[in-house]
Amino acid sequence: MPELPEVETIKRVIEPQIQGRSIENIFIRQPAVIAHPATEEFHSQLIGQIISRMERRGKFLVFLLDSGDRMILHLRMTGCLLLTSADLPEEPHTHLTFQLTGGRQLRYSDTRRFGRFWFLKKGETDTFSGIKKLGKEPFDPEFSSEYLMERLGKRKKSIKECLLEQKVIAGIGNIYSDEILFAARIHPARSASSLTLGEWQRLAAAIPERLSFFIAKNEISAEEYLSSKGKEYRNTPFLQVYGRKGSLCPICGECLQRMVIGGRSSVFCPCCQKL
DNA sequence: CCTACTGTTACGGC
DNA sequence: AGCCGTAACAGTAG
């Protein structure tokens with residue numbers, strides 16, 4: 001489910017509710033979601049730790065602990081975090097529950113079970129999660145058209161596939177790559193090396209603009225987030241192309257088309273985004 | 001029954 | 001080395 005705007009939303013909802021709380025216990029129902037270290041150690045190392053804050057990097061969530069240790073989470077396709085009182089019925093596919101002080105529980109559910117947790121000691125080098133391989137954050141002051149041209153200017157493959165490369169830009173997935181390319185009026189199948197200077201500039205502007213737009217549209221209270229089980233994102237009605245094959249382009253009225261690029265479904269306007 | 005799916009990685013081939 | 005395409009992960013939804 002989650003790309004950068006959703007992961008940011010989850011961070012904003014969850015962080016204020018867990019800050020300063022300590023982990024009293026952890027119930028591990030599905031050890032497969034723990035990537036590192038071994039289940040027993042993951043469990044024993046985290047008990048008693050106090051959560052100081054949360055950070056987002058690309059699509060990763062990082063829980064910073066008072067000790068300097070940290071826990072990293074990637075939600076992949078269907079991972080979901082809920083902060084609840086202990087008496088609420090569990091969601092199906094709840095694999096991990098953190099019992100926190102004050103009778104609160106941080107629950108991790110994940111239908112397809114692709115999501116992963118990592119625990120790292122203070123100062124331990126993160127060779128596990130993949131965070132270190134990420135490219136620039138879209139909101140990094142150094143993120144620019146020059147950066148994109150340098151990293152992608154000679155690439156033969158489609159610009160759509162390039163936008164999905166986490167080692168170049170952190171956080172863009174299949175939904176927002178389509179939204180960004182529509183906003184920048186660039187056909188998703190265009191070879192990256194064929195983009196003009198003006199197109200690189202439009203693209204570099206559209207990336208942070210679209211992502212911050214959708215983060216703003218996602219804004220939700222802790223109560224609403226919980227009652228919707230963390231599953232409803234309010235920005236969906238604002239998507240202009242993703243999932244709208246066959247509807248009319250909001251700009252020119254042309255019929256939106258779908259094609260498969262790099263194995264991923266891609267929707268675009270054949271009139272606004274010329275090949 | 002069959003296909004598609006908002007993410008990422010491993011692996012074989014070039 | 002680095003790029004490319006595919007399979008795999010596991011389950012639900014249409």
Side-chain angles (χ1 to χ4, degrees), chain A residues 1-11 29-36 56-61 72-81 90-96 108-118 126-135 138 150-182 188-189 191-193 207 210-211 213-215 217-218 228-246 258-268:
Chain A
M1 189 121 75
E3 302 180 28
L4 186 152
E6 289 70 45
V7 178
E8 180 64 28
T9 303
I10 293 166
K11 185 217 157 213
R29 187 164 302 166
Q30 180 49 266
V33 300
I34 300 167
H36 174 86
R56 180 196 57 75
R57 176 80 171 94
K59 301 173 198 171
F60 287 88
L61 285 169
I72 299 169
L73 168 61
H74 196 300
L75 302 162
R76 296 278 177 97
M77 296 284 265
T78 54
C80 182
L81 282 177
E90 257 181 15
E91 285 300 287
H93 307 287
T94 296
H95 305 309
L96 226 51
Y108 178 71
S109 61
D110 187 344
T111 312
R112 292 173 73 179
R113 224 190 288 164
F114 292 169
R116 288 297 178 266
F117 283 83
W118 297 263
D126 181 8
T127 55
F128 309 100
S129 72
I131 284 192
K132 288 188 81 170
K133 294 182 193 161
L134 291 178
E150 181 206 322
R151 293 295 302 269
L152 302 173
K154 290 181 178 158
R155 299 288 296 275
K156 292 281 179 285
K157 76 162 138 173
S158 72
I159 188 62
K160 155 101 179 190
E161 291 171 273
C162 291
L163 290 183
L164 295 174
E165 288 189 17
Q166 303 301 302
K167 66 184 175 193
V168 180
I169 312 160
I172 299 174
N174 201 33
I175 295 177
Y176 298 113
S177 61
D178 280 7
E179 296 298 316
I180 287 162
L181 288 167
F182 176 74
S191 161
S193 60
I207 289 169
R210 283 290 83 189
L211 294 174
F213 172 83
F214 286 110
I215 290 171
K217 293 298 184 196
N218 264 355
S228 71
K229 312 283 171 50
K231 282 176 183 144
E232 275 169 37
Y233 291 98
R234 321 175 112 201
N235 70 20
T236 318
F238 298 93
L239 295 173
Q240 296 189 293
V241 287
Y242 180 83
R244 298 194 189 279
K245 176 191 71 164
R258 173 186 181 272
M259 68 188 287
V260 175
I261 300 169
R264 314 299 300 276
S265 173
S266 310
V267 183
F268 62 98

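Values in this document were obtained by computation on a predicted structure and should not be read as measured data. Order of the sequence lines fixes the chain letters, A, B, ..., with proteins taken first and strands second; residue numbering starts at 1 for each chain.
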Closest of dG11(C), dG7(B), dG5(C) to the His93(A) side chain is dG11(C)
Can you tell which of dC5(B), dT12(C), dG7(B) lies closest to the side chain of Asn174(A)?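 The listed nucleotide nearest to Asn174(A)'s side chain is dG7(B).
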Taking 4.0 Å as the cut-off, does a side-chain nitrogen or oxygen of [X] come that near to OP1 or OP2 on [N]?
X	N	answer
Lys156(A)	dC3(C)	no
Thr78(A)	dG7(B)	no
Gln166(A)	dG7(B)	no
Arg264(A)	dT8(B)	no
Arg155(A)	dC4(C)	yes
His74(A)	dT8(B)	yes

From Glu161(A), Lys160(A), Arg258(A), residue fulfilling side-chain hydrogen bond (donor to acceptor under 3.5 Å, both in side chains) relative to Ser266(A): Lys160(A)
I need the [atom1]-[atom2] distance between [X] and [N], as an integer number of Å.
X	N	atom1	atom2	value
Glu165(A)	dC4(C)	CD	P	8 Å
Lys157(A)	dC14(B)	NZ	P	19 Å
Phe60(A)	dT8(B)	CZ	C1'	9 Å
Lys167(A)	dA10(B)	NZ	C1'	14 Å
His36(A)	dT9(B)	NE2	P	16 Å
Lys133(A)	dT9(B)	NZ	C1'	8 Å
Phe117(A)	dT8(B)	CZ	P	16 Å
Glu91(A)	dG11(C)	CD	C1'	15 Å

When you compare the ring of Phe114(A) with the six-membered ring of dC9(C)'s base, are the centres less than 5.5 Å apart and the planes under 30° from each other?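 By the stated criterion, Phe114(A) and dC9(C) stack.
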With a 4.0 Å cut-off on heavy atoms, is Lys59(A) in touch with a base, just the backbone sugar-phosphate, or nothing at all? sugar-phosphate
Considering only the C1' atoms, how many Å lie between dC9(C) and dC1(B), rounded to the nearest integer?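 Comparing C1' positions in dC9(C) and dC1(B) gives a spacing of 22 Å.
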Regarding Gln30(A) and Tyr108(A), is there a side-chain donor-to-acceptor distance under 3.5 Å anywhere?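 Checked: Gln30(A)/Tyr108(A) side chains show no N/O donor-acceptor pair below 3.5 Å.
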Distance (rounded to the nearest 0.5 Å) between Glu179(A) CD and Glu3(A) CD: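 It is 9.5 Å, given to the nearest 0.5 Å.
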Could you grab the distance from atom CD1 of Ile10(A) to atom SG of Cys80(A), nearest 0.5 Å is fine? 6.5 Å
Test salt bridge (charged side-chain N to carboxylate O under 4.0 Å, His left out) applied to Glu91(A) - qualifying residues, sequence neighbours left out: Lys229(A), Lys231(A)
